[in-house]
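Below are the structure tokens for one structure; questions will follow.
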Amino acid sequence: MSKFLILGAGPSGLTFANRLLEKGQDDFIVLERFEEAGGLCRSTDVDGTPFDFGGGHFLDVRRKNVLDFLFRFMPESEWNVFDRDSQIYIHDQFINSPIEANIWQMGIEQQVEYLKAIAVAGCNLGQDMPERFVDWIYWKLGSKVAEDYMLPYNRKMFGKDLNELGTYWLSKLPNVSFEETLISCLEKKAYGSQPAHAKFYYPKEYGYGEVWKRMADNLGDRIIYNEKVRSIDLDTRTVNGKYSADVIINTVPYAEFETIDGMDSEVRTLIDTLKFSSVVTEYHPENMDTHAQWIYYPDESLSYHRILVRHNFCTDSRGYWTETNLTRFKEDNAHPSFVNDYAYPLNTIGKNENMKTILDHLRSKNVYGIGRWGEWQHYNSDVVVELAMNLADSFN
Ligand SMILES: Cc1cc2nc3c(=O)[nH]c(=O)nc-3n(C[C@H](O)[C@H](O)[C@H](O)COP(=O)(O)OP(=O)(O)OC[C@H]3O[C@@H](n4cnc5c(N)ncnc54)[C@H](O)[C@@H]3O)c2cc1C
């Protein structure tokens, strides 16, 4: 019996474990289903340079405590810093992202159409906020941004029935103001700020997976690889019938548990409501004629939704990779590809309330869910690192 049993060696599990070590606690085991650690943030080499399995991964600069922690494994001198240059391919041209700040880059006729639609968007007319996802997008952004970009892009990423999704996760999007958009079009310049990753780090010599690999190496044989978690007994805190601990830290998707003993039946049914989407990444060796690090493609006749322009952020590399929802992906033997079964936890209606019930119940049994899957949230890696550090610090 160990003090801690950590399920999953992605950024959440690796951070929690390494933070324990920093505090002098080494009575723990990590179980990982694959033969290597890093989860969605793993990298491999394709065509001589790094390729990030899980899609485009960039380290946001904003959390100093997280950077200090990660730089202990991979010093800042081993990272490049970039200003974000992301684009959208729409109406047969490239414009900068986010769309609402860069309508001025479209042709004049398009600008007029977008402005007309924004002027009568529900939020600008003071109409009540709708509850269904599709209506909400129209209300918030106007019919042009909704129909030409947000709805097709979200359908490509998350699946066809967008009304299954809640709107709570979009509530921080700013209203698209008619006045600001008009001024931006007249002055021919963007307004507002980048939503995320305005500045970010990416390793100079390696893929994004390197820092997590080093964290895993630091744990040595405390990680047991190729051990897929299948069952858990919450009352005895035993996993796969053989690993027991005082405290269990879960970072793996709940769908992975074929058996959960000791869970109230009502809570068990909530686990079945948790949904996710899968993403396939595929490598292409051609360079692209762009400075952008990544480009969004709302056009539904293209299977992929985003392209990562590898040669613009990965030293001495060439080519790009695509991100495609698994349900839209058609395998092409000419290009290496990787399936990420668990890519996006879906923000379905009622999910936050259901997760709160699940997490409270687990905590009452000394089992803690953390990270993208443990909490079923769209967390980026810097966020999960912070949460895992804080949780480890909460144990004495
Ligand atoms: C397309 C895409 C782009 C992203 N871009 C960024 C970005 O630019 N910047 C950023 O910071 N973040 C980004 N993220 C988010 C980032 O991937 C996550 O925040 C991070 O990987 C979460 O870490 P985690 O440990 O919680 O989950 P994961 O990385 O999913 O790790 C979970 C671990 O559990 C293991 N596991 C699963 N099932 C089992 C089982 N049954 N038994 C044992 N082990 C199991 C997995 O193999 C994995 O190692 C992106 C994610 C996606 C999908």
Side-chain angles (χ1 to χ4, degrees), residues 5-17 29-43 52-63 66-67 70 82 84 86 157-158 195-202 207-209 211-213 215-216 223-232 239-240 243 248-259 276-281 293-294 296 304-308 313 321-326 338-346 369-388 391:
L5 179 59
I6 301 159
L7 310 182
S12 301
L14 290 169
T15 301
F16 187 87
I29 292 174
V30 186
L31 305 182
E32 168 56 47
R33 73 187 275 199
F34 291 131
E35 61 188 15
E36 58 182 358
L40 281 167
C41 296
R42 277 174 303 149
S43 306
D52 297 334
F53 279 102
H57 275 83
F58 307 100
L59 177 60
D60 204 282
V61 299
R62 288 173 295 184
R63 289 186 164 72
V66 168
L67 298 177
L70 294 179
F82 293 90
R84 170 173 170 165
S86 61
M157 262 180 94
F158 298 130
H197 296 341
K199 247 186 202 322
F200 61 84
Y201 288 96
Y202 191 84
Y208 193 57
V211 65
W212 317 105
K213 185 173 169 301
M215 285 169 79
I223 305 186
I224 301 176
Y225 292 99
N226 300 311
E227 181 69 50
K228 183 172 155 64
V229 167
R230 296 170 196 280
S231 69
I232 186 166
V239 168
N240 290 357
Y243 303 100
I248 294 182
I249 306 296
N250 179 47
T251 79
V252 313
Y254 293 97
E256 289 291 289
F257 295 102
E258 290 156 23
T259 318
F276 59 93
S277 67
S278 312
V279 166
V280 187
T281 47
Q293 294 112 6
W294 65 90
Y296 302 102
Y304 51 83
H305 54 266
R306 189 163 76 134
I307 281 185
L308 281 301
F313 58 87
W321 70 77
T322 56
E323 292 174 355
T324 310
N325 183 306
L326 179 60
F338 301 90
V339 178
N340 300 281
D341 291 329
Y342 297 100
Y344 290 100
L346 295 192
I370 59 163
R372 196 167 174 93
W373 305 107
E375 294 174 68
W376 219 263
Q377 298 287 349
H378 278 198
Y379 290 147
N380 271 343
S381 59
D382 55 319
V383 177
V384 305
V385 167
E386 185 166 58
L387 292 167
L391 183 62

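Since this is a predicted model, take the numbers as computed values, not measurements. Both ligands and their constituent atoms are indexed starting at 1 by order of listing.
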**Study point:** G39: numbered ligand 1 atoms lying under 4.0 Å from its heavy atoms
**Key:** 29 (O), 31 (O), 48 (C), 49 (O)
Review point. Do L40 and Y342 come close enough that some side-chain heavy atom pair is under 4.5 Å?
Key: no
**Study point:** V384, N226, V229: member with heavy atom nearest to atom 40 (C) of ligand 1
**Key:**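 Answer by nearest heavy atom: V229.
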Review point. Given the rule in the side chain to side chain contact (heavy atoms under 4.5 Å, CB included) test, do T281 and Y304 qualify, once you have shown the distances and angles that lead to the verdict?
Key: CA-CA 9 Å; T281 47; Y304 51 83; over 6 Å; no
Check your understanding: N/O of A343 under 3.5 Å from N/O of ligand 1, yes or no?
Key -> no
Check your understanding: So Y202 and Q293, side-chain hydrogen bond (donor to acceptor under 3.5 Å, both in side chains) or not? Walk me through it.
Key -> CA-CA 11 Å; Y202 191 84; Q293 294 112 6; over 6 Å; no
Check your understanding: Does the side chain of K228 come within less than 4.5 Å of L31's, by heavy atoms?
Key ->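 The answer is no, as the side chains (C-beta and beyond) never meet within the 4.5 Å cut-off.
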Review point. Backbone, side chain, both or neither: what part of A9 comes under 4.0 angstrom of ligand 1, heavy atoms only?
Key: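 A9 to ligand 1: backbone contact only, side chain stays beyond 4.0 Å.
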Review point. So, is E32 polar-close to ligand 1, with some N/O to N/O distance under 3.5 Å?
Key: yes
Check your understanding: Is it true that R33 and E227 have a side-chain N and a carboxylate O under 4.0 angstrom from each other?
Key -> no
**Study point:** Polar proximity ligand 1 side, G371 side, N/O cut 3.5 Å exclusive
**Key:**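 No, no N or O pair falls under 3.5 Å.
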**Study point:** Heavy-atom gap Y342 to ligand 1 smaller than 4.0 Å
**Key:** no
Exercise for review: State whether the shortest distance between N or O atoms of S381 and N or O atoms of ligand 1 falls below 3.5 angstrom.
Suggested key: yes
Review point. Do any nitrogen or oxygen atoms of G54 come within less than 3.5 Å of a nitrogen or oxygen of ligand 1?
Key: no
Review point. Can you tell me if R230 has a non-hydrogen atom under 4.0 Å from ligand 1?
Key: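 No heavy atom of R230 comes that close to ligand 1.
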Practice item. For ligand 1, note which part of F58 has a heavy atom under 4.0 Å away: side chain, backbone, both or neither. Key: both
Review point. Heavy-atom distance to atom 26 (O) of ligand 1: which of P253, G10, S12 wins?
Key: S12
Exercise for review: Check E323 against ligand 1 and report side chain, backbone, both or neither, counting heavy atoms closer than 4.0 Å.
Suggested key: side chain
Practice item. Find all atoms of ligand 1 within a distance of less than 4.0 Å from any non-hydrogen atom belonging to E227, and give their numbers and elements. Key: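 Numbered from 1, ligand 1 contributes 42 (N), 43 (C).
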**Study point:** Between S278 and Y344, a side-chain donor and acceptor under 3.5 Å
**Key:**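 The answer is no; no qualifying pair exists.
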Practice item. Before signing off on this row, confirm whether Y344 and ligand 1 have an N or O atom pair separated by under 3.5 Å. Key: no
Point to revise | Proximal atoms of ligand 1 relative to K228 (non-hydrogen, under 4.0 Å) | key: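 Reading through ligand 1 atom by atom, the close ones are 41 (N), 42 (N).
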**Study point:** Which of the ligand 1 atoms, numbered from 1, are nearer than 4.0 Å to a heavy atom of Y379
**Key:** 15 (C), 18 (C), 19 (O)
